[in-house]
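A short write-up of the structure that comes next.
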Amino acid sequence: MELAIGIILGCCALGAGMAMIAGIGPGIGEGNAVAKACEAIGRQPECKGTVTTTMLMGCAIAETTGLYALVIAILLIFVAPNMLVDILVETIKNFPMA
């Protein structure tokens, strides 16, 4: 029983870590967006407002991926272990012994 609980906790922690790898993508994407926006503003300073607005909207949309990963990681750390351990205990309790 303790081994099964340890495996559940370990897998939840591993899954949370893997979910946080998704935070790399938004960081790279937002960095590229800002770099290209600065380049565009440097070439045509009169388009600063339009470029900045579009860049901020794109960064906000890209950031949602990282936030979804954060929510999944938090759920895997705080919610899933309790649910899975409860399911394990109920299954063992109701398992017919021969």
Side-chain angles (χ1 to χ4, degrees):
M1 173 93 160
E2 289 81 20
L3 179 64
I5 292 173
I7 290 173
I8 289 172
L9 295 176
C11 289
C12 286
L14 186 63
M18 290 172 52
M20 288 313 298
I21 292 174
I24 294 172
I28 293 171
E30 289 172 21
N32 285 339
V34 171
K36 295 296 181 178
C38 290
E39 184 179 321
I41 292 170
R43 290 184 181 180
Q44 292 184 339
E46 65 273 3
C47 294
K48 179 181 177 186
T50 306
V51 171
T52 303
T53 303
T54 306
M55 178 203 62
L56 289 175
M57 184 61 87
C59 285
I61 292 171
E63 187 65 30
T64 59
T65 307
L67 292 175
Y68 291 147
L70 178 65
V71 168
I72 290 171
I74 289 172
L75 288 174
L76 281 172
I77 291 174
F78 295 111
V79 177
N82 294 331
M83 286 177 39
L84 294 173
V85 168
D86 289 344
I87 291 171
L88 176 70
V89 168
E90 281 295 318
T91 304
I92 291 175
K93 188 167 58 172
N94 295 331
F95 190 72
M97 294 300 217

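When reading the values below, keep in mind they use all heavy atoms of this one structure, side chains included, and skip hydrogens, waters and symmetry mates.
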**OP:** Can you see which heavy atom on M20 is nearest to which on A73, and at what distance?
**Re:**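 Between these two residues, the closest heavy atoms are SD-CB, 3.7 Å.
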
**OP:** Applying side-chain hydrogen bond (donor to acceptor under 3.5 Å, both in side chains), name anything that partners Q44, two or more places apart in sequence or on another chain.
**Re:**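 Expected list: none.
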
Original post:
What residues form a side-chain hydrogen bond (donor to acceptor under 3.5 Å, both in side chains) with E2, not counting sequence neighbours?
Top reply: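 With sequence neighbours excluded, E2 shows a side-chain hydrogen bond (donor to acceptor under 3.5 Å, both in side chains) to no residue whatsoever.
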
Distance in Å, [X] [atom1] paired with [Y] [atom2], rounded so as to fall on 0.5 Å steps:
| X | Y | atom1 | atom2 | result |
| --- | --- | --- | --- | --- |
| I92 | I87 | CD1 | CD1 | 12.0 Å |
| R43 | C38 | CZ | SG | 12.5 Å |
| L9 | L14 | CG | CG | 12.5 Å |
| M83 | L88 | CE | CG | 13.5 Å |

Original post:
If you group Ile, Leu, Val, Met, Phe, Trp and Tyr by side-chain heavy-atom gaps below 4.5 Å, do L84 and V79 land in one group?
Top reply: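 As far as the 4.5 Å side-chain criterion goes, V79 and L84 are not connected within one cluster.
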
**OP:** Find out if a path of hydrophobic residues (ILVMFWY) with successive side-chain heavy-atom gaps under 4.5 Å connects I24 to L70.
**Re:**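 Result: no, two separate clusters.
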
**OP:** Report the residues that fulfil side-chain contact (heavy atoms from CB on, under 4.5 Å) with K36, sequence neighbours left out, ordered by chain and then residue number.
**Re:**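 If we apply the side-chain contact (heavy atoms from CB on, under 4.5 Å) test to K36, skipping adjacent residues, the hits are E39.
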
**OP:** Using the test side-chain contact (heavy atoms from CB on, under 4.5 Å), find all partners of V85 that sit at least two apart in sequence or belong to another chain.
**Re:**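 Residues passing side-chain contact (heavy atoms from CB on, under 4.5 Å) with V85: I5, I8, V89.
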
Show me the donor-acceptor pairs within less than 3.5 Å that the side chains of residues 56-68 make with the rest of the protein, sequence neighbours left out.
unit_1: T64; atom_1: OG1; unit_2: I61; atom_2: O; d: 2.5

**OP:** Starting from L76, walk the hydrophobic network (Ile, Leu, Val, Met, Phe, Trp, Tyr; side-chain heavy atoms closer than 4.5 Å) and list everyone else you reach, by chain and number.
**Re:**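 In the cluster with L76 are I72.
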
